[in-house]
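Note sheet for the following structure.
So that the names make sense, note that chain A is the first sequence line, chain B the second, and so on, each numbered from 1.
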Amino acid sequence: MTNKKKQKWVVTSAWPYVNATPHLGNLIGSVLSADVFARYLRLKGDEVVYVSGSDMHGTPVAVTAKKEGIKPQELAMNNHQKIKELFQAWQISYDNYTQTHNETHIDFVQKFYLDIQKNGYINEKEIQSLYCSHDKFYLPDRFVEGICPHCGFEDARGDQCDQCQKLLTPLDLKEPRCAICDEIPEIRKTKHWYMNFPKLQDELTALIEKNDIIPQNAKQVCLNSIKEGLPERAITRDLKWGIPAPFEGAEEKTIYVWFEAVLGYVSAVKEWAKKQKSNPEQFNYFWKDSETKTVYFIGKDNIIFHLIVFPGLLMAYNKDKAEDDKLVLPYNVSSTEWLMYENDKFSKSRGIGIWIDEALELAPLDYWRFNLVYNRPERSDTSFLWSEFENNINTLNDVIGNFIHRILTFIHKQYESKVPERIDLDERDIEFLSKITSISEKVELYIDNFELRKSIREIVEFAREGNIYLNDKAPWHIIRNNKKAAGHVFNLCAQMVYALAILLGPFIPDTSRKILSFLNFNEDLNKLGWHSISKNAVNAGTKIKKPIPVFQKLDVSEIKDKLDEIKQSKSKDSKVIDMIEYNNFKKLDIRIATVEEVEDVPKADKLYKLTINVGEEKRTLAAGLAEYYKPEELIGKKIAVLVNLEPKKLRGVLSQGMLLAAVDGENVSVLTPDKDIPSGAKIE
RNA sequence: AGCGGGGUGGGCUAGCCUGGUUUAUGCCGCAGGGCUCAUAACCCUGAGACCGUUCGUUCAAAUCGAACCCCCGCUACCA
C-alpha cells in the first residue's frame, strides 16, 4: 500500500431548524448519514472535522416565543439543548454541534458579508415596494394583485400571472391592490441588499459540471435552475430576530436566515478550532487548504442552497483572497430522497411518523441506526415499513449476531475460550479468506461513492458468507475425531468476527465495541483502524470472553403498541383546549345555506366555486372540497356557513364566507342540518 | 397547474447513467429438503415477473428516444 498523505475532510450535516424536533427522515437524510461517513473516515485514519448546529433564527421562532411569552433567544436555546442531547443519545459523533446564535458565527457572518460587499457582489437597491397603509406593512409579492401587463388577466399576483404564467414583480401590475384588504397600496421606497448571483452564473455552472461525484439528480436540478437564470436575491429582511445586517444604512435589518445558517458550516469549524488549545490554527488548516474535501449531507429539498447559493457565496468571498486564504468549495453534496412512513409523509400535525426522541424509547439505538442506513432513501423516496423494520432487525440478529455467537460460544465451550490454531488451508479455506481480505475494499468503494445503503448490505452479505462456510465445513462433525481440524475452522471464522466488528464500527459503534471486547481487543476502534482487517487479525491463543448474544429479536407488535401509547399521551397534552368567552362565540354568524351551483376553479385542483343561497342573499364561496366531493353530491345540499368572515380572494374567486366541515385526515364531511330548515336560519 | 422523483414476481428491492456477460439480482414470504455448533437460528433446492402502457431507434432494450397512464413529494389553491 502506498503511504499516502492523510486526506482532510470537513463533514457536515444540514442544520436542523430549532423550532422542531427532527424525525427519522431528517435523521437519515443528513445527520446519521454524515455520522457514518465521518466515523468511517476517522476509522480509515483521515483527518476529519464533523460539524453542524441548530438554526436558531427566523420568523417561526419569533412567533412561537411571542406566544409563550419568552424571548426568542431563550426559546431557541432551550430547544437547541434538547436537540443536542438527542443527537448525543443517537451517538452522533460531532466534533462541534453548535448553533447560529453564537458570537463566532455572528461575527463571521457579518465580516463575511462586508467582504462580499467589498468584492462587488452586493447590490444595494432602493426598491419601490408597495406598502399597505391599511394593514400597515410592506406587501410581499404574493400579497399584491392586479392586472397582468402581458395578458390583461385581472387577478394576476405580484410574483406571477396565473393565466399566462409569466413572472412578474408587484410594480408590473396595473391597478395593484392589497390581496388582504383590497385597498390600493402606496408606493414607498425601501432599501434592501441583494446578492448578485447572475454575476456568478458561469462560474457556478462550471463548478457543477466539472464535479462528477455529485449525484445525477442534484446535478440536473441545479443546471436546470441556472439555465433558467439565477435571480438576484435579497439577503436582508425586516425582522428583529436574526443577525444584524452589517451594511451601512441597514441598521434595522437582519440577514435572511437562509443566507447565514449555511455559513455555519464554516463558522462552526472556526469555533471548534478556537477550542483546540494545542493547535488554534486548525481552522485555516481545514477550510483554507484547497486539498480539503468538504461534504454536505442533506435532504433533496436543500440541493439548490448547497450547490448554488452556498458555493456562490464562497466564490464571492474568495474573490479578493490570496490562494492560501480561500475557503474551499464543496467536494460533494450527498442528498437523499424522502423517507416516508408506511407510504405516507411524516407529519407532525397528523401525528404520522416516528420522531427521534420516540424511537429511542422503542428499540435500542443500534437497531435504528442499522435499519435506517439499510433503508437509506438514496435512489427514490423510501417507506419506513414496520414489516421491513422487523425483517431488517431479524437480518441483523440472525445473520450477523447469531453468526458471531456461534463462533464465540464454540470457541468458549470447546477450546477453553482460546482461539484455536490454524493448520493447512484447503481450497475452501482459501476462498473464504479471500472474502475477508477483499471485504474492506468492497465496502470502501461504496462508502467513497456515498452509497451507504449498499455498503451496509455488502456487510450483511459478508456475514452470510460466514454462515455458508461454517455450514460447508460443519466443524461440529469434524470435532468428533479431529479437534485440531475443527479448531482450524474457528480460527478462520474468528478473523471474520473481527472483520465484522471493524466494518460495523461506523454504522453501529456500540455493537462494534461489544464484539471487539469479546475478542479482547480493548483499544480504541480508530486505533485499530479500518485496515486492520486481515486474515491474521486475531492470533491463535487469544483468550476471548464468555459471549453474550449481541442482539435479540424484538416483538414488533409490542413496539407499535408502545408507539401508539406515546402518541396518545402526547396528543392528550396538546388537546388542552383554549377556552374562549361566550361573547367571542356570539360574534360568529353561522347560517344554513343551500348550494345552488358548483363550478371548478381553473388551475386549482382542490377548489370549488360554490354559489349558495343564504335566505334572501346569494353568495360565492371558495371551498377546498374538490378532492372529496363531486359537484352533483353538493348541489341542493343544505350546509352550514360562517357568513361574517372577512371576504378573501382565492385563485381569483372571492370567497364570502366559510363552509363548515368535519375533518379527520382524508375523511372530510360537510355539515348538514338534521331536519329540514330554511336557508338563512341562524346557528346558535 | 409548474418543478422534481418513481412505476421490476405476494411485499421490499438490484440492475437503468456506460444497451448484449441476467434463463432479470437479492432479501422476506411460500413449498420441499439438509444440519443440529448457535438466539426455532443456519445451509441447500424449487415455484413465482409479459421489467406501468403504446410506439420508435438498434443485429440486440428493464436499460436509449417519444407519447400516454398511474403513484409520491415540493410550490400555488384548502377561509
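Two residues, A:Asp472 and A:Phe410, neighbour RNA chain B, and the one matched to the more 5' nucleotide by heavy-atom proximity is A:Phe410. When each of A:Leu385 and A:Arg406 is assigned the nucleotide of RNA chain B bearing its nearest heavy atom, the one mapping closer to the 5' terminus is A:Leu385.
A gap of 37 Å separates the P atoms of B:G10 and B:U36, to the nearest Å. Taking atom P in both B:C30 and B:G11, the straight-line distance is 15 Å, to the nearest Å. Taking the P atoms as reference points, B:U23 lies 11 Å from B:A62, given to the whole Å. Rounded to a whole angstrom, the distance from the C1' atom of B:A49 to that of B:G15 is 14 Å. Between B:C50 and B:A67, the distance separating the two P atoms is 26 Å to the nearest Å. Taking the C1' atom of each, B:G26 and B:U18 are spaced 23 Å apart, rounded to whole Å. Straight-line distance between the C1' atoms of B:C74 and B:U13: roughly 26 Å, to the nearest whole Å. Of the P atoms belonging to B:U21 and B:U63, the separation is 14 Å, rounded to the nearest Å.
In this model, the phosphate group of B:U36 is approached by a side-chain N or O of A:His477 to a distance below 4.0 Å at OP1 or OP2. Dashed line: the shortest gap from a side-chain N or O of A:Lys345 to OP1 or OP2 of B:C71 is not under 4.0 Å.
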Notebook entry, point to check: Which is it for A:Phe389 and A:Trp368 under the ring pair (Phe, Tyr, Trp, His ring centres under 6.0 Å) test, yes or no, and what are the steps along the way?
Noted result: CA-CA 9 Å; A:Phe389 178 78; A:Trp368 287 110; 4.8 Å; yes
Next item on the list: Assess whether ring pair (Phe, Tyr, Trp, His ring centres under 6.0 Å) is satisfied between A:Phe346 and A:Phe384, documenting all intermediate values.
Entry: CA-CA 10 Å; A:Phe346 280 71; A:Phe384 173 93; 7.9 Å; no
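None of A:Trp355, A:Tyr341, A:Trp338 except one satisfies the ring-ring contact (aromatic ring centres under 6.0 Å, His included) rule with A:His23; the exception is A:Trp355.
Residue A:Ala622 is classed as a sugar-phosphate contact, given heavy-atom separations below 4.0 Å to backbone atoms only. Residue-level contact check: A:Asp398 touches the backbone only, with heavy atoms under 4.0 Å from sugar-phosphate atoms and none from bases. No engagement by A:Val641 is indicated, since no non-hydrogen atom pair under 4.0 Å with the nucleic acid exists. Contacts of A:Ala623 with the nucleic acid, taken as non-hydrogen atoms under 4.0 Å apart, involve only primed sugar atoms and P, OP1 or OP2. Heavy atoms of A:Ser387 sit nowhere under 4.0 angstrom from any nucleic acid atom. Across all strands shown, A:Asn397 has heavy atoms under 4.0 Å from base atoms, whether or not it also approaches the sugar-phosphate. Across all strands, A:Gly657 comes closer than 4.0 Å only to sugar-phosphate atoms, never to a base (heavy-atom distances). Within the 4.0 angstrom heavy-atom criterion, no nucleotide atom of any strand lies near A:Phe403.
With hydrogens and angles left out, the side-chain atoms of A:Arg619 and A:Asn613 include no donor and acceptor closer than 3.5 Å.
Look at CD1 on A:Ile468: it is 14 Å from C1' on B:G34, rounded to the nearest Å. Here B:C43 presents its P atom at 10 Å from CD of A:Glu465, a figure rounded to the nearest Å. B:C42 atom C1' lies 14 Å from atom CD1 of A:Ile404, rounded to whole Å. Across the protein-nucleic acid pair, A:Leu339 atom CG and B:C72 atom P stand 17 Å apart, rounded to whole Å. Rounding to whole angstrom units, CG of residue A:Leu470 and P of B:C43 are separated by 10 Å. Straight-line distance from the CD atom of A:Glu337 to the P atom of B:G7: 11 Å, rounded to whole Å. Regarding A:Arg457, its CZ atom lies at a distance of 9 Å from the C1' atom of B:G26, rounded to whole Å. Taking atom CG of A:Asn491 as the reference point, atom P of B:C37 lies 21 Å away to the nearest angstrom.
Checking B:A66 for Watson-Crick or G-U wobble geometry (two distances, each under 3.5 Å) identifies B:U54 as its partner. Both distances falling under 3.5 Å, in either a Watson-Crick or a G-U wobble arrangement, place B:G4 opposite B:C72. Shown here, B:C77 forms no base pair; nothing in the strands shown gives a Watson-Crick or G-U wobble contact with both key distances under 3.5 Å. Pairing for B:C30 is with B:G46, a Watson-Crick or G-U wobble pair whose two hydrogen-bonding atom distances lie under 3.5 Å. Across all strands shown, nothing is found opposite B:U25 as a Watson-Crick or G-U wobble partner with both distances under 3.5 Å. Across all strands shown, B:A40 forms no Watson-Crick or G-U wobble pair with both distances under 3.5 Å.
Side-chain contact check for A:His488 versus A:Glu421: every heavy-atom pair is 4.5 Å or farther apart.
For the pair A:Lys483 and A:Tyr415, the cation-pi test (distance below 6.0 Å, angle within 45°) is passed. Judged by the 6.0 Å distance and 45° axis criteria, A:Arg428 is not positioned over the aromatic ring of A:Tyr469.
Counting non-hydrogen atoms of other residues, nucleotides and ligands closer than 6.0 Å to CD of A:Glu617 gives a total above 12.
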